[in-house]
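Step one of this worksheet: look at the structure below.
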Amino acid sequence: MNNNSPINYLPVRANLRWNRADCTHDEVNLTSTLTCGQTFRWRRQQDGAWLGSIGCQAAALWQPDGCVDHFYWQTFPTADGWDLIAKYLNMGINLRQLQHQWIMAEPLTADVFTQHVGLRLLRQPVEECLYSFQCASCNTVTKIERSVGELARVYGAAAMTPWGNVWLFPTTNSIAHASEAVLRTALWGYRAPRVISLAKIVQERGVGWLNELVDLPYKECHDALTALPGMGAKLADCVCLFCLDKWGAIPVDTHVLQLAQRLWPMKQTGSSLTPRVYAQIGDSYRQRFGAFAGWAQQILFYSELRRSRDRSVAG
DNA sequence: GCTTAACCTGGACGC
DNA sequence: GCGTCCAGGTTAAGC
């Protein structure tokens, strides 16, 4: 059975009791949401369940193929952690209404938004996002997934689930004490010393410092993050957008740059992603899509990522 | 303020 | 089988 097969029977596991979540006004497409490049550690099991972790809990999610108005969930080891799931999936944000506004504002993107209904932005634990994206530089999504998975397997704690152990993301303390040699063998390469140094600095300031960034305005939050070693504008925007509720943040990478240049050619922008071009691209998204521009950007990014994958498969 | 090179590594691709 | 290129970036040096 491959992972693309339609699986429309709720997985049955010993001692597992699924909870159902109805989401009439805040649709969810689990597959696109968990594979759109904002997180790297959710794995689809053979029975169709998605298995991953959120902070210090493991979680299982399941949804019939093609369905976006409900899904099933459970958490481990503490069962029935709906608050955790709801916060993680940003339930309460009316995505359909947003997409309607985006299409009205930018009809060129209508096809993309109607193809990807239910792709939601996650609200991830800051530590996982901060350290995972350290691995993204000059890398492929497949290799980032492997590297981050190895980091968790070696330095994370295990949580038991009916599918077996799930490795929780390591704490700042664990990463600060990690071995550079071990991380290098886990495909982190030259990024290994960077992530360890970053963890040491966060450890000195206290992890609370990271979480308190959510209270700052976007600009101050971004400046605080880019002041950290190894954190450029793009990674800081990833953390702002995926963890700290800065929904107007636009992480501009090669894909986002190409997409913007194709959709909205700008006289000034060159092919290099200089700070000026970076700011121009971000502004062009915010002008079109408003306060939730980061949500719109993620859907457009996912579409561009799939386009680029399809091109490479087609040769 | 812009460009360039260095930093790791494995998969894809051409030969 | 082998060589080359490229991939969600950051940083520092040189111009």
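Per chain, numbering begins at 1; letters A, B, ... match sequence-line order. Bear in mind the structure is a predicted one, so any value in this text is a computation, not a measurement.
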Identified stems (criterion: three or more consecutive Watson-Crick or G-U pairs, under 3.5 Å), DNA chain C
B:1-7 with C:9-15, B:9-15 with C:1-7

Quick note, A/Arg194 side chain, CB onward, closest among C/dG9, B/dT9, C/dG8 is C/dG9

Spacing of A/Thr172 atom OG1 and A/Glu204 atom CD [to the nearest 0.5 Å]
12.0 Å

Selection from B/dG11, C/dG9, C/dG8 that lies nearest to any side-chain heavy atom of A/Arg146:
B/dG11

Charged N to carboxylate O under 4.0 angstrom, A/Lys219 versus A/Asp223?
yes

Indicate whether OP1 or OP2 belonging to B/dC2 is found under 4.0 Å from a side-chain N or O atom of A/Thr274.
yes

Please determine whether any donor N or O and acceptor N or O are separated by less than 3.5 Å between the side chain of A/Lys234 and the base of C/dG9.
no

Need to verify one output field. Residue with the more 5' nearest nucleotide on DNA chain C, A/Arg191 or A/Thr226?
A/Arg191

Separation of A/Ile144 atom CD1 from C/dC6 atom P, in whole Å?
18 Å

Does the cation-pi check pass for A/Arg288 over A/Trp264, that is, NZ or CZ under 6.0 Å from the six-membered ring centre and within 45° of its axis?
yes

If you assign A/Met231 and A/Thr140 each to the DNA chain C nucleotide with the nearest heavy atom, which residue ends up on the more 5' nucleotide?
A/Thr140

Regarding the side chain of A/Phe40, the nearest nucleotide among B/dC2, B/dC7, C/dG8 is C/dG8

Centre of A/Trp188's six-membered ring, under 6.0 Å away, within 45 degrees of the axis: is that where NZ or CZ of A/Arg184 sits?
no

Pairwise P distance, C/dG8 and B/dA12 [rounded to whole Å]:
13 Å

Show the numbers, then the answer: is there a side chain to side chain contact (heavy atoms under 4.5 Å, CB included) between A/Trp295 and A/Gln298?
CA-CA 5 Å; A/Trp295 283 64; A/Gln298 189 61 29; 6.0 Å; no

Shortest side-chain distance from A/Cys238, nucleotide among C/dG8, B/dC8, C/dT10
C/dG8

Using the rule that two of Ile, Leu, Val, Met, Phe, Trp, Tyr join whenever any of their side-chain heavy atoms come within less than 4.5 Å, decide whether A/Trp163 and A/Ile54 are in one cluster.
no

